[in-house]
Engineer: 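The structure is given below, and queries will be raised subsequently.
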Amino acid sequence: MENKPILQGTHNTRELGGYPLKEGRQTKENRFLRSDSLCGITLEDRQLLKHKGLSLVIDLRSQYEQEQSPDPKLSVPHLSFPLLDQVNSGMSSAGFPSNMGDVYIGLLDHSQDTIRRIFEAMAETEGCILFHCSAGKDRTGVTAMLLLDLAGAEEDLIIEDYAASAFNLYPHLQDQMEMLQKMGVKDPDALLGSPKSNMIRTLEHLRKMYGTAEKYLRKIGVSDAKIEVLKASLQERVE
């Protein structure tokens, strides 16, 4: 079971809330939304976000991406925490990763300062937080994985939530597919898809190197108090 897209003007904006947890709990609704680029959102989308209590937008895109398609003004604070993944940084085909799982592992190991600041900002903000990159799949996927693991979600659920992105995005990716093929990328699917194997590898790395998302966040410098605030805000009792 994965959450379906909720906005008209984006392809991959989804609730992290409503997922089952242990002991009669679920991930809290109207707390975290994961998304792709917001530049096409409609008036109805704006009203839905307002209804959900949107209080913060976190943009994980590079400066270049933000300049190319700026986020719309949504009357809430907007924070920029660029998490650079190779696919969106204009690299040549020789520089493309053969496997996005490698990119996600690289983010966990080498973007720790930025990830710490993202999670501190989340802990310091009440209400509904929307975090996004361009496709809502890679940088957003790693962020969503850490949040869901912190909430105590089962690994299978985290993997399904990640894998749903390709299904939501595929109808809109023809141009990117053709561009990558022209650049000599033999398997554009490997870069543009979201096969479960990518998230399985990332979770295996997280377990082996850090243990859990909670231990990872502590190791990269997020305080115990902020981790507890985040954990509490991620869970609610099922009515």
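Numbering of residues begins at 1 and proceeds along the displayed sequence.
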Engineer: Which residues satisfy the side chain to side chain contact (heavy atoms under 4.5 Å, CB included) test with Val76, sequence neighbours excluded?
Structural biologist: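 Per chain and number, Val76 pairs via side chain to side chain contact (heavy atoms under 4.5 Å, CB included) with Leu54, Val57, Leu74.
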Engineer: For Leu16 and Thr27, work out which heavy atoms get closest and say how close.
Structural biologist: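 Heavy atoms only, the tightest pair is O-OG1, 2.6 Å.
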Engineer: So, the side chain of Asn12 versus the backbone of Asp36: is there a donor-acceptor pair under 3.5 Å, distance only?
Structural biologist: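 Not confirmed, Asn12 side chain does not pair with Asp36 backbone.
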Engineer: Flag the pair Leu108 / Met145 as yes when at least one side-chain heavy-atom distance between them is below 4.5 Å, and no otherwise.
Structural biologist: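 Answer yes - side chains close enough.
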Engineer: Can you name the nearest heavy-atom pair linking Phe131 to Ala144, along with the distance?
Structural biologist: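 Residues Phe131 and Ala144, closest heavy atoms: CE1-N, 3.9 Å.
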Engineer: Looking only at non-hydrogen atoms, find the nearest pair between Asn198 and Gly101 and report the distance.
Structural biologist: OD1-N, 3.4 Å
Engineer: Can you confirm whether Ile6 sits close enough to Leu33 that some side-chain heavy atom of one is under 4.5 Å from a side-chain heavy atom of the other?
Structural biologist: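 Contact flag for Ile6/Leu33 side chains = yes.
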Engineer: CG/Leu203 to NZ/Lys208 distance, rounded to the nearest 0.5 angstrom?
Structural biologist: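 Spacing of CG (Leu203) from NZ (Lys208) equals 14.0 Å.
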Engineer: Would Met199 end up clustered with Leu157 when hydrophobic side chains under 4.5 Å apart are linked, directly or stepwise?
Structural biologist: yes
Engineer: Could you report the tightest heavy-atom contact between Ala121 and Leu56, atom names first, then the distance?
Structural biologist: O-CD2, 4.3 Å
Engineer: Do Leu83 and Val142 have side-chain heavy atoms sitting under 4.5 Å apart?
Structural biologist: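 Not touching, per the 4.5 Å side-chain cut-off.
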Engineer: Looking at Gln8, I'd like to know if its CD atom is crowded, meaning that more than 12 non-hydrogen atoms belonging to other residues, nucleotides or ligands lie closer than 6.0 Å.
Structural biologist: yes
Engineer: Can you tell me if Asp224 uses its side chain to pair, donor with acceptor, with the backbone of Arg218 under 3.5 Å?
Structural biologist: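 Looks like no, no N/O pair under 3.5 Å.
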Engineer: Cluster question for you: counting only ILVMFWY and a side-chain heavy-atom cut-off of under 4.5 Å, with indirect links fine, are Leu49 and Ile58 together?
Structural biologist: no
Engineer: State whether the side chain of Asp59 and the backbone N or O of Ser80 hold a donor-acceptor pair below 3.5 Å, judged by distance alone.
Structural biologist: no
Engineer: Please, which pairs that meet salt bridge (charged side-chain N to carboxylate O under 4.0 Å, His left out) have at least one residue in residues 111-125, sequence neighbours excluded?
Structural biologist: Asp113-Arg116, Arg116-Glu120, Glu124-Lys226
Engineer: Report yes or no: do Leu130 and Leu234 belong to one cluster of Ile/Leu/Val/Met/Phe/Trp/Tyr joined by side chain heavy-atom distances under 4.5 Å?
Structural biologist: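 Different hydrophobic clusters.
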Engineer: Kindly compute the distance separating NZ (Lys215) from CG (Leu217), expressed to the nearest 0.5 Å.
Structural biologist: 12.5 Å
Engineer: Report the residues that fulfil ring-ring contact (aromatic ring centres under 6.0 Å, His included) with Phe81, sequence neighbours left out, ordered by chain and then residue number.
Structural biologist: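 Result, ring-ring contact (aromatic ring centres under 6.0 Å, His included) vs Phe81: none returned.
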Engineer: Let me confirm one number: the CG-CD distance from Leu150 to Glu228, rounded to the nearest 0.5 Å.
Structural biologist: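 The CG atom of Leu150 sits 8.5 Å away from the CD atom of Glu228.
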Engineer: Nearest 0.5 angstrom please: Cys133 SG to Gln66 CD, how far?
Structural biologist: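 Here the rounded value is 11.5 Å.
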Engineer: Answer whether the closest heavy-atom distance between the side chains of Thr42 and Asp45 falls below 4.5 Å.
Structural biologist: yes
Engineer: With the 4.5 Å side-chain cut-off for hydrophobic clustering, are Ile227 and Met209 part of the same group?
Structural biologist: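 Yes; tracing contacts between hydrophobic side chains, which count when under 4.5 Å, links both residues.
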Engineer: What pairs meet the side-chain hydrogen bond (donor to acceptor under 3.5 Å, both in side chains) rule with one or both residues in residues 16-26, with sequence neighbours excluded?
Structural biologist: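 Found Tyr19-Asp161, Gln26-Glu236.
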Engineer: Applying side chain to side chain contact (heavy atoms under 4.5 Å, CB included), can you list everything that pairs with Pro70, at least two apart in sequence or on another chain?
Structural biologist: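 Partners of Pro70 by the side chain to side chain contact (heavy atoms under 4.5 Å, CB included) criterion come out as none, since no residue qualifies.
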Engineer: Which atom pair, heavy atoms only, marks the closest approach of Arg14 to Ser165?
Structural biologist: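 Minimum heavy-atom contact is NH2-OG, 2.9 Å.
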Engineer: Minimum heavy-atom separation for Pro77 to Ser55, with atom names?
Structural biologist: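 Reported closest heavy-atom pair: CD-O, 3.3 Å.
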Engineer: Between Arg34 and Thr140, is there a side-chain donor-acceptor contact under 3.5 Å, judged purely by atom types and distance?
Structural biologist: no
Engineer: Taking the basic N atoms (NZ, or NE/NH1/NH2) and the acidic carboxylate oxygens, is any pair closer than 4.0 Å for Glu15 and Arg31?
Structural biologist: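 A salt bridge is absent here (no side-chain N lies under 4.0 Å from a carboxylate O).
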Engineer: Rounded at 0.5 Å granularity, tell me how far CG in Leu21 sits from CG in Leu148.
Structural biologist: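 Between atom CG of Leu21 and atom CG of Leu148 there are 8.5 Å.
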Engineer: Listed by chain and number, what are the side chain to side chain contact (heavy atoms under 4.5 Å, CB included) partners of Gln112, not counting sequence neighbours?
Structural biologist: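 Partners of Gln112 under the side chain to side chain contact (heavy atoms under 4.5 Å, CB included) test: Tyr210, Tyr216, Ile220.
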Engineer: For residues Met122 and Phe32, determine if any side-chain heavy atom of one lies less than 4.5 Å from a side-chain heavy atom of the other.
Structural biologist: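 Heavy-atom side-chain distance check passes, below 4.5 Å.
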Engineer: From Ile115 CD1 over to His110 NE2, what is the distance, rounded to the nearest 0.5 angstrom?
Structural biologist: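 Going from the CD1 atom of Ile115 to the NE2 atom of His110 covers 11.0 Å.
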Engineer: When you compare the side chain of His205 with that of Asp109, does any pair of heavy atoms fall below 4.5 Å?
Structural biologist: yes
Engineer: Under 3.5 Å, is there a donor-acceptor pair linking the side chains of Ser69 and Arg61?
Structural biologist: yes
Engineer: Under 4.5 Å between side-chain heavy atoms, hopping through other hydrophobics if needed: is there a path connecting Leu146 to Tyr162?
Structural biologist: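 Leu146 clusters together with Tyr162.
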Engineer: Under the side chain to side chain contact (heavy atoms under 4.5 Å, CB included) rule, what do Ile118 and Leu60 come out as? Steps first, then yes or no, please.
Structural biologist: CA-CA 9 Å; Ile118 290 165; Leu60 306 174; 3.5 Å; yes
